[in-house]
Protein chains: 2
Amino acid sequence: MPYKERDITKQYFTIGEVAEQFGVATSLIRFWETEFDELAPRKSKKGNRLFTQADVDIFRTIYHLVKERGYTIAGAREMLKQKGGQLKDKIDVIQSLEKVRGFLVNLKKEIDAAQKGE
Amino acid sequence: MPYKERDITKQYFTIGEVAEQFGVATSLIRFWETEFDELAPRKSKKGNRLFTQADVDIFRTIYHLVKERGYTIAGAREMLKQKGGQLKDKIDVIQSLEKVRGFLVNLKKEIDAAQKGE
DNA sequence: ATGTCGCGCTCTTTGTAGGGCATAATGGGC
DNA sequence: GCCCATTATGCCCTACAAAGAGCGCGACAT
């Protein structure tokens, strides 16, 4: 098995590389690691962080929410837990609708009961 | 011209009423006023704030973004400026639903009152 | 009627906890 | 020598809350 292929599939980024890619300080990456459970790169035996592409993607999402969209850390955390932003928006609307529906169903019951009594 | 009609069209809310409606301190409303150009209620001769329903709606949007979604003030400000933004539409829908709900709650009250009278 | 005494609401200005990192200190591996 | 690690500490804003002061209104005595 050629080395090259293994290197390609097992491409890791150091914290310095990720930092440079986004133009941020390494301290920020470490800090976000403590704030977001989702951001948890493997660590080498020595303790160095090993970022996969998936890890970088997660970081990018957080970066987008916090630095570009203006979410607080807490807000971004919530967002991440709800499989993607679009879905969250829809869920909000759906939940509102479901509450209204529940109310209407209940109201109908009461109206029916009232008519019965007449 | 009857007084009633004038009162209905000129309905203003005080800062205290708005604060209570959302369960926030009046200081927060004043602070947001300094942060969001869009939130600019009229002021009485004395200097007291006069919130129209439109002002309250704007406040609700900000409240939704900052307190429920977890935006920073700056992030919420950006969001507000986006004309035709998807979010704006969604919030409109939610607000419509809330108004419908308010109407229904009121209707229920009247129905209950009517039943009591039977 | 009118003075005036709270009382509740408002106003503006000032103070401050903590959120969000950055920096410093110390040390290890290649 | 350079990049990495942890831990502690520093530090500047953000996002409010509290403080201090003023108005208007009902009550109650004058």
Side-chain angles (χ1 to χ4, degrees), chain A residues 3 7 10-52 55-56 58-80, chain B residues 7 10-52 55-56 58-81:
Chain A
Y3 258 34
D7 284 335
K10 285 212 167 194
Q11 182 74 277
Y12 288 124
F13 301 96
T14 67
I15 191 171
E17 287 166 348
V18 177
E20 201 197 10
Q21 182 175 341
F22 287 89
V24 300
T26 57
S27 60
L28 176 62
I29 299 177
R30 293 195 193 92
F31 172 65
W32 280 2
E33 225 181 285
T34 70
E35 297 292 319
F36 298 93
D37 294 345
E38 293 85 353
L39 188 61
R42 269 191 55 200
K43 291 195 182 179
S44 72
K45 206 162 191 179
K46 183 193 151 195
N48 284 17
R49 288 163 177 76
L50 304 169
F51 290 84
T52 64
D55 292 324
V56 175
I58 291 171
F59 184 85
R60 189 198 319 287
T61 301
I62 298 172
Y63 183 88
H64 178 248
L65 291 173
V66 174
K67 295 298 186 182
E68 295 173 354
R69 294 291 294 274
Y71 274 83
T72 62
I73 303 268
R77 199 151 42 210
E78 281 305 302
M79 213 56 178
L80 272 186
Chain B
D7 284 335
K10 284 213 168 194
Q11 183 73 276
Y12 286 123
F13 301 97
T14 66
I15 193 171
E17 288 167 346
V18 177
E20 201 197 10
Q21 182 175 341
F22 287 89
V24 302
T26 56
S27 59
L28 176 64
I29 299 176
R30 292 193 196 92
F31 172 65
W32 281 2
E33 225 182 286
T34 70
E35 296 292 319
F36 298 93
D37 294 344
E38 293 85 354
L39 187 62
R42 269 191 57 200
K43 291 197 182 179
S44 73
K45 211 162 188 177
K46 184 190 150 197
N48 285 17
R49 288 160 177 80
L50 303 170
F51 291 83
T52 64
D55 292 326
V56 175
I58 290 171
F59 184 85
R60 191 200 319 288
T61 302
I62 298 171
Y63 183 90
H64 176 68
L65 291 172
V66 174
K67 295 298 187 183
E68 295 173 354
R69 296 298 295 277
Y71 275 83
T72 61
I73 301 272
R77 197 154 41 209
E78 280 305 303
M79 218 51 180
L80 273 186
K81 299 230 160 119

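Numbers restart at 1 for each chain; the letters A, B, ... are given by sequence-line order, proteins then strands.
The nearest whole Å value for the distance from the CD atom in B/Glu35 to the C1' atom in D/dT14 is 8 Å. One can place CD of B/Glu33 at 11 Å from C1' of C/dC11, the figure rounded to the nearest angstrom. The interatomic distance linking B/Tyr71 (OH) with D/dA15 (P) rounds to 14 Å, in whole Å. Counting to the nearest Å, the C1' atom of C/dG19 and the CD1 atom of B/Ile73 are 13 Å from each other. Straight-line distance from the CG atom of B/Leu28 to the P atom of C/dT16: 20 Å, rounded to whole Å. In this structure, CD1 of B/Ile62 is placed 13 Å from P of D/dA15, rounded to the nearest angstrom. Remark: P of D/dC23 and NZ of B/Lys45 are 15 Å apart, rounded to the nearest angstrom. One interatomic measurement links the two molecules: CZ of B/Phe31 to C1' of C/dC11, which rounds to 17 Å at whole-angstrom precision.
Atoms CZ and CD, on A/Arg69 and B/Glu78 in that order, are 11.0 Å from each other to the nearest 0.5 Å.
Taking the six-membered ring for Trp and thresholds of 30 and 60 degrees, A/Phe59 and A/Phe22 have ring planes more than 60 degrees apart, a perpendicular arrangement.
Distance from the side chain of A/Ala25 is smallest for C/dA22 among the nucleotides C/dC21, D/dC16, C/dA22.
Between A/Ile73 and A/Phe31, some side-chain heavy-atom pair lies under the 4.5 Å cut-off. In this structure the side chain of A/Leu65 never reaches within 4.5 angstrom of the side chain of A/Ile62, judged on heavy atoms. Contact of the A/Thr52 side chain with the A/Tyr12 side chain is registered, since non-hydrogen atoms from C-beta on lie closer than 4.5 Å. Side-chain contact check for A/Arg49 versus A/Glu33: some heavy-atom pair is nearer than 4.5 Å.
In summary, the side chains of A/Tyr71 and A/Arg77 do not present any donor paired with an acceptor at a separation below 3.5 Å, with no hydrogens or angles considered.
Toward the 5′ end of DNA chain C lies the nearest nucleotide of B/Gly16, the other residue of the pair A/Val66 and B/Gly16 mapping further downstream.
Using a 4.0 Å heavy-atom cutoff across all strands shown, B/Lys67 reaches sugar-phosphate atoms only and no base atom.
Not a single donor-acceptor pair under 3.5 Å links the side chain of B/Thr26 to the backbone N or O of B/Gly16.
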Could I get a table of every N or O pair under 3.5 Å where one atom is in the protein and the other is in nucleotides 5-7 of chain D?
{"unit_1": "D/dA5", "atom_1": "OP1", "unit_2": "A/Arg49", "atom_2": "N", "d": "3.0"}
{"unit_1": "D/dA5", "atom_1": "OP1", "unit_2": "A/Arg49", "atom_2": "NH1", "d": "2.8"}
{"unit_1": "D/dA5", "atom_1": "OP2", "unit_2": "A/Arg30", "atom_2": "NE", "d": "3.2"}
{"unit_1": "D/dA5", "atom_1": "OP2", "unit_2": "A/Arg30", "atom_2": "NH2", "d": "2.6"}
{"unit_1": "D/dT6", "atom_1": "OP1", "unit_2": "A/Lys43", "atom_2": "NZ", "d": "2.7"}
{"unit_1": "D/dT6", "atom_1": "OP2", "unit_2": "A/Arg49", "atom_2": "NH1", "d": "3.0"}
{"unit_1": "D/dT6", "atom_1": "OP2", "unit_2": "A/Arg49", "atom_2": "NH2", "d": "2.8"}

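Overall bending of the helix from C/dA1-D/dT30 to C/dC30-D/dG1, expressed as the angle between end axes built from five pairs apiece, is 0° (10° steps).
Heavy atoms from other residues, nucleotides or ligands lying under 6.0 Å from CD of B/Glu20 number 12 at most.
The side chain of A/Trp32 places no N or O atom within less than 4.0 Å of a non-bridging phosphate oxygen (OP1 or OP2) of C/dG20. B/Thr72 has no side-chain polar atom (N or O) that falls below the 4.0 Å cut-off from OP1 or OP2 of D/dT14.
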